Amino acid sequence: MGFPRLEILEKKFFVSQVVFPYIPGLLSFREAPLLLGALAKIRREPDIILFDGQGIAHPRRMGIATHLGLFLQKPTIGCAKSLLVGKYLHPGGRKGSYSFLEDKGEVIGAAVRTRKEKKPVFVSPGDGIDLMTSIEIVLRCTGRYRLPEPLRQAHLLVKEIREEFEERSGQEIPSRLSEGITEGHVPRYTYKYFSRREPWKR
DNA sequence: GCGACAG
DNA sequence: ATCTTGTCGC
């Protein structure tokens, strides 16, 4: 999308099976491969990328937005619909109000009210950008809905693709089966490894 | 040991 | 995330 007009410039998608389970704190391992697949199809070079997930508001300050920002060497922002880690005071009810999110004595993001009286979204820098700029961009990308337009449009596109695929292939895409497919494709040792407490300390 | 836990 | 039931505001 263009900024600040938010015109859609390109729409691309990527379909495949997930090969890693959803584990809080390890979302990148499950979704990054597919996101990279879709991003590889984009012709234009984005100036910045907004992700549906955390940036540095992560136990190890490495949410999916940060992870991919570093990988792609591109500025990124994390905008999650719910909290992973950190504490915050409820922000004011007006659209645009926000309060900082902190963990272990450091500010890692903010709870931003993108819609009056609605649950806030959690914004945190991915990489190559600061918190205040991240908040400003998310707000300027938000219109009448809770989610910033880039993320909302992405969700709508996925819904569109999925429905078309379901009717054309007779058998719908077992979206919930991502669980089933996952268990059958993730090597046993891999799952055991990541199922332990704080596996990154091993 | 118990609770929390992006999508 | 997905699913189901019911409610509130434009």
Side-chain angles (χ1 to χ4, degrees), chain A residues 13-39 49-71 76-88 93-95 101-104 108-127 131 134-135 138 143-148 150-163 165-166 171-183 185-186 191 194-201:
Chain A
F13 63 87
F14 184 80
V15 180
S16 86
Q17 300 185 328
V18 291
V19 300
F20 198 86
Y22 166 67
I23 298 175
L26 300 178
L27 180 63
S28 284
F29 293 84
R30 178 189 178 80
E31 306 197 344
L34 304 186
L35 291 173
L36 290 174
L39 286 169
I49 306 176
L50 191 55
F51 286 95
D52 186 332
Q54 314 292 345
I56 62 172
H58 176 280
R60 300 173 298 289
R61 311 291 179 263
M62 194 58 66
I64 194 167
T66 307
H67 195 160
L68 287 175
L70 290 166
F71 186 85
T76 60
I77 295 175
C79 180
K81 302 183 293 299
S82 59
L83 195 61
L84 172 61
V85 69
K87 306 286 194 228
Y88 68 98
R94 292 80 49 193
K95 173 176 181 177
L101 172 65
E102 51 185 274
D103 180 50
K104 296 175 180 176
I108 59 176
V112 182
R113 199 79 74 180
T114 51
R115 225 194 132 171
K116 183 180 182 180
E117 296 300 287
K118 284 293 189 174
K119 191 219 286 184
V121 292
F122 301 88
V123 179
S124 59
D127 187 60
L131 178 57
S134 297
I135 294 174
V138 165
R144 183 190 172 216
Y145 304 88
R146 183 168 85 111
L147 294 184
L151 298 186
R152 203 174 76 81
Q153 289 303 321
H155 280 309
L156 291 176
L157 176 60
V158 170
K159 187 190 180 209
E160 207 174 284
I161 300 301
R162 176 197 288 163
E163 296 182 331
F165 197 106
E166 291 180 342
Q171 342 170 5
E172 58 185 69
I173 293 180
S175 55
R176 105 194 52 148
L177 169 70
S178 29
E179 263 72 273
I181 292 176
T182 289
E183 293 183 57
H185 288 235
V186 178
Y191 189 76
F194 287 107
S195 292
R196 306 193 44 158
R197 298 279 182 189
E198 309 184 279
W200 51 90
K201 286 186 177 177

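Reckoned from all heavy atoms, side chains included, excluding hydrogens, waters and symmetry mates. Here is how names work: the chains are called A, B, and so on, in the same order as the sequence lines, proteins then strands, and each is numbered from 1. Keep in mind that this is a model prediction, so the values were computed, not measured.
Across all strands shown, A:Ile64 has heavy atoms under 4.0 Å from base atoms, whether or not it also approaches the sugar-phosphate. At a threshold of 4.0 angstrom between heavy atoms, the contacts of A:His67 with the nucleic acid are absent. Residue A:Gly25 is classed as a base contact, given a heavy-atom separation below 4.0 Å to a base.
Rounding to the nearest 0.5 Å gives a distance of 11.5 Å between CG of A:Leu157 and CZ of A:Arg162. Residue A:Met62 holds its CE atom at 8.0 Å from CG of A:Asp127, rounded to the nearest 0.5 Å. Residue A:Glu160 holds its CD atom at 14.5 Å from NE2 of A:His155, rounded to the nearest 0.5 Å.
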DNA chain B base-pair string [pairs: Watson-Crick or G-U under 3.5 Å; |: paired with another strand]: .......

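The phosphate of B:dC5 has neither OP1 nor OP2 within less than 4.0 Å of any side-chain N or O from A:Ser82. A sub-4.0 Å separation between OP1 or OP2 of B:dG7 and a side-chain N or O of A:Lys81 is present. Remark: A:Lys116 is not in phosphate contact with C:dG9, judged by side-chain N or O atoms under 4.0 Å from OP1 or OP2. Look at A:Arg115 and you won't find any side-chain N or O under 4.0 angstrom from OP1 or OP2 of C:dG9.
For A:Phe14, the CZ atom sits in a packed shell: over 12 heavy atoms of surrounding residues, nucleotides or ligands are nearer than 6.0 Å.
The distance between atom CD of A:Glu117 and atom P of C:dT7, rounded to the nearest whole Å, is 21 Å. Between A:Glu31 atom CD and B:dA6 atom P there is a gap of 12 Å when expressed in whole angstrom units. The interatomic distance linking A:Phe51 (CZ) with B:dG7 (P) rounds to 14 Å, in whole Å. Following rounding to the nearest Å, A:Lys118 (NZ) and C:dG9 (P) show an atom-to-atom distance of 10 Å. Note: CE (A:Met62) to C1' (B:dA6) measures 15 Å, nearest angstrom. The CG atom of A:Leu26 sits 15 Å away from the C1' atom of B:dA4 (whole-angstrom rounding). Between A:Asp52 atom CG and B:dA6 atom P the separation is 12 Å, expressed in whole Å. Going from atom CG of A:Leu101 over to atom P of B:dC5 covers 12 Å, rounded to whole Å.
Residues A:Ile108 and A:Ser124 form no side-chain contact, since every pair of their non-hydrogen atoms from C-beta on lies 4.5 Å or further apart. Two residues are said to be in side-chain contact when any heavy atoms from C-beta on lie closer than 4.5 Å; A:Lys81 and A:Leu147 meet this criterion. A:Pro59 places a side-chain heavy atom less than 4.5 Å from the side chain of A:Leu84. A:Leu36 is listed as a side-chain neighbour of A:Leu68, based on a closest heavy-atom distance under 4.5 Å.
A:Cys79 pairs with exactly one of A:Asp52, A:Val121, A:Val112 by the side chain to side chain contact (heavy atoms under 4.5 Å, CB included) rule, that one being A:Val121.
At least one donor-acceptor pair closer than 3.5 Å links the side chain of A:Arg146 to the backbone N or O of A:Pro120.
With a cut-off of 3.5 Å on both pairing distances, the Watson-Crick and G-U wobble pairs of DNA chain C never assemble into a stem of 3 or more.
For the pair A:His155 and A:Arg144, nearest-nucleotide mapping onto DNA chain C gives the more 5' position to A:His155.
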